[in-house]
Structures are given as C-alpha cells and as structure tokens.
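To keep things clear, I will list the structure first and then write my remarks on it.
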Amino acid sequence: MSEEHQKKSFSVPAHIAIIMDGNGRWAKRRGLPRNAGHKQGAKAFENICDYCQKIGVKYVTAYAFSTENWKRPQSEVDAIMELLRSYLKEASKQAKRNVRLLFLGDRKPLASDLQQLMESAERESEKNTGITVCVALNYGGRAEIAHSARELAQMAARGELDPDSIDERLFERHLYTAGIPDPDLLIRPSGELRLSNFLLWQLAYTEFVFQDVLWPDFTPAHLDQAIAQYAKRNRRFGGI
Ligand code: FPP
C-alpha cells in the first residue's frame, strides 16, 4: 500500500464493484471498430486491478459480460470472449502475484475451453491471500437471484431443507458471490446512471459513484477520485 493511502487506509473500500462501460463509444470517437474499445478496456481492467491491490482493496468485481450481451453481433461477442481467453491464458501470472480469481455467472453457455480455463484459474489461485478479483461473465443479477431460489426450492423438495429456515443469510450462500462481502463502492464510468442488472442483491447498501470518463480511459487517478467521494459519504445501513 502506498504511504499516502496507508495514512487514510480507513477510507479505502474493502470491495469495489465496477461496471466497465463506454468501450464502444471510446472506439467510435477514434474511428476504430468497437472491438478496439474492448481491447483497451481489458487493459484498463488489468491496470485497475493492479492498482487496487497496491492500495489495499481486498475485492474487485468487474462486469465483463452480461446475460443480455449475447444480443450483440456475433463478431463482438467472439471478440470479448477472445479477450477473456487471453486474460485466462495469462492467469497463472496473476496467481503468482497472489491474486485470487473467481468467476460469477452461468458458465454452461460458454465455450468448453473457456470453462476449463476458468476452472483451472480458480483452482490454481484458490489459496492466494492477496486481492480477490471476481469477473462477472454471463452474469445477470435477476438470473442469480432465480438461481439461488431454484437451488433452495430443490433442496426443500428433496426434504433437505425446511422452507421456514430460509432467511437472507441462507439465500446469500446460494448466490454466485457466496462468501464474498457486499461491495462498499460501485463505480460506473461513461456517464450512464443505471445498474444494468449488476449485483442487484449485493448492492443494497453500496455507495454509488458515477463518472464521466469512458472505461478504456479510466486510470488510477479516476479510482482515487471515486474513493475520495466514497470517503466523504456517511454510511448508516438504515440506522441513524
Ligand atoms: C460495456 O461497454 C462493456 C462490455 C459489454 C464489455 C466489457 C469487457 C471488457 C472490458 C473486456 C473484458 C476482459 C477482461 C479481461 C475482463 P459498451 O460496449 O456497452 O460501450 P458503449 O456503451 O460505449 O457501447
């Protein structure tokens, strides 16, 4: 952790969630294909994860591909999957840097080689104690809630669970994020002011910061600005 952040480490959020938005517009403004924006976005993602680790953030969760993103042209879907594939092929480097990698979302519709790469990256990094990087891939907040409800209903139908015992804690244990604390700060760049089906359950008490920069241009200085806004907020979690 840098000295500057160490001094004010009380205000560094433990968990930052990021909606990596604006890749397409970034490319369009430069007269480039949309995929060039995603490529630059993937670089920004790695840079920001490194910086988060440096300043003492414990968890970063980034929205890489939503359950709705399949509606995009096949060539764009393929390009995003290819970026993930190359990221995963390099994942052992992350593991060496003490990064724990996790994937959130429904993996079944993904290519089988990608699923295998995801599983091995998770397995190789599971004992790492540095930052945890969660990549939301084929992720949808509503689908995640339905998934948890379905698992609990199946357990109840098998007689393994009394429906009266279902409470928030138990429900959370069946979300993709089981065991991960809720985000403290959500950052959405690109000027859009919506959640787009991201972490609907987990963001209940999260502080939101919206920034005008497009994701491929997002730098550690933008993250510092978001953290400075977060540090000024008075979180009451429903109390007074
Ligand atoms: C949203 O911008 C971005 C996405 C749907 C894809 C995000 C994916 C990456 C940054 C690459 C992921 C790679 C790794 C290694 C995690 P948009 O395309 O909707 O932008 P626009 O609103 O300007 O069109």
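Start at 1 with the first residue, then count along the sequence.
The distance from the CD atom of Q202 to the NE2 atom of H15 is 8.5 Å, given to the nearest 0.5 Å. Atom OG1 of residue T206 and atom CG of residue L195 lie 9.5 Å apart, to the nearest 0.5 angstrom. Annotation: the span from H147 atom NE2 to L152 atom CG amounts to 9.5 Å, rounded to 0.5 Å. In this structure, CD on Q154 lies 11.5 Å from CG on L161, to the nearest 0.5 angstrom. Atom CH2 in W215 sits 8.0 Å away from atom CZ in F45 (nearest 0.5 Å). Between the NE2 atom of H38 and the CZ atom of R72 there is a distance of 5.5 Å, given to the nearest 0.5 Å.
When all heavy atoms of L170 and S165 are compared, the pair lying nearest together is CD2-O, 3.7 Å. The two residues L84 and A64 come nearest to each other via the heavy atoms CD2-CB, 4.4 Å. For the pair R25 and E192, the tightest heavy-atom approach, listed with the atom from each and the gap, is NH1-OE2, 3.3 Å. Between I180 and C134, the shortest heavy-atom contact is CD1-SG, 3.7 Å. Annotation for E151 and H174: closest pair OE1-ND1, 2.8 Å, computed over non-hydrogen atoms. Considering all non-hydrogen atoms of both residues, L137 and F103 come closest at CD2-CD2, 4.3 Å.
Residues W70 and Y63 do not share a hydrophobic cluster, defined by chaining ILVMFWY side chains whose heavy atoms lie under 4.5 Å apart. Under the 4.5 Å side-chain heavy-atom criterion for grouping Ile, Leu, Val, Met, Phe, Trp and Tyr, F210 is not connected to L223 through any hydrophobic cluster. Cluster annotation: F65 and I18 are assigned to the same hydrophobic cluster (Ile/Leu/Val/Met/Phe/Trp/Tyr, side-chain heavy-atom contacts under 4.5 Å, transitive). Cluster membership for L203 and V135, using ILVMFWY side-chain heavy atoms within less than 4.5 angstrom, is not shared. Linking ILVMFWY side-chain heavy atoms closer than 4.5 Å, directly or via other members, places M20 and L214 in two distinct hydrophobic clusters.
Side-chain atoms of R188 come within 3.5 Å of backbone N or O of R194 as a donor-acceptor pair. Between the side chain of N98 and the backbone N or O of N128, no donor-acceptor pair lies under 3.5 Å. With hydrogens and angles disregarded, no donor-acceptor distance shorter than 3.5 Å links the side chain of Q53 to the backbone of G130. Of the possible polar contacts, none joining the N197 side chain to the G140 backbone as a donor-acceptor pair under 3.5 Å is found. Although no hydrogens or angles enter the test, the distance criterion places no donor-acceptor pair under 3.5 Å between the side chain of Q40 and the main chain of D217.
Using a 4.5 Å cut-off on side-chain heavy atoms (C-beta onward), Y59 and R100 make contact. Side-chain atoms of Y139 and T61, non-hydrogen and from C-beta on, never get closer than 4.5 Å to each other. Looking at H222 and I48, their side chains never come closer than 4.5 Å, going by heavy atoms from C-beta outward. Using a 4.5 Å heavy-atom cutoff, the side chains of C52 and I131 are in contact. Using a 4.5 Å heavy-atom threshold, the side chains of T219 and N47 count as separate. You'll find the side chain of R142 reaches within 4.5 Å of the side chain of L200, heavy atoms only. Inter-residue side-chain proximity for D50 and R97 is flagged as met; some heavy-atom pair is nearer than 4.5 Å. A heavy-atom distance below 4.5 Å is not found between the side chains of S125 and V99.
The residue from I16, I19, D21 that alone fulfils the side chain to side chain contact (heavy atoms under 4.5 Å, CB included) condition with I187 is I16. Partner E207 forms a salt bridge (charged side-chain N to carboxylate O under 4.0 Å, His left out) with one of K232, R236, R233 and no other, that one being R233.
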Pair N35-E76, side-chain contact (heavy atoms from CB on, under 4.5 Å): steps then yes or no:
CA-CA 6 Å; N35 296 342; E76 183 169 342; 3.8 Å; yes
So Y230 and D184, side-chain contact (heavy atoms from CB on, under 4.5 Å) or not? Walk me through it.
CA-CA 9 Å; Y230 165 84; D184 301 290; 3.5 Å; yes
Exercise. Before giving the answer on side-chain contact (heavy atoms from CB on, under 4.5 Å), spell out for E144 and L104 the whole-Å C-alpha distance, their side-chain angles and the decisive distance to 0.1 Å.
Key: CA-CA 9 Å; E144 179 182 37; L104 315 177; 5.7 Å; no
For a side-chain contact (heavy atoms from CB on, under 4.5 Å) check, start with the C-alpha distance between N69 and I80, then their side-chain angles and the critical distance, and finish with the verdict. CA-CA 10 Å; N69 287 151; I80 295 174; 5.8 Å; no
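Using a cutoff of 4.0 Å between basic side-chain nitrogens and carboxylate oxygens, R169 and E172 are scored as salt-bridged. With salt bridges taken as basic N to acidic carboxylate O contacts below 4.0 Å, none links E46 and K43. Salt bridge status for D106 with K108: present, with a side-chain N to carboxylate O gap under 4.0 Å.
For E168, the CD atom counts as loosely surrounded, since its 6.0 Å shell holds 12 or fewer non-hydrogen atoms of other residues, nucleotides or ligands. Within a 6.0 Å sphere centred on CG of D167, other residues, nucleotides and ligands contribute more than 12 heavy atoms.
Ring pair F171/W201 is parallel by interplanar angle, where below 30° counts as parallel and above 60° as perpendicular.
Geometrically, R29 does not engage W26 in a cation-pi contact defined by less than 6.0 Å to the ring centre and at most 45° from the axis.
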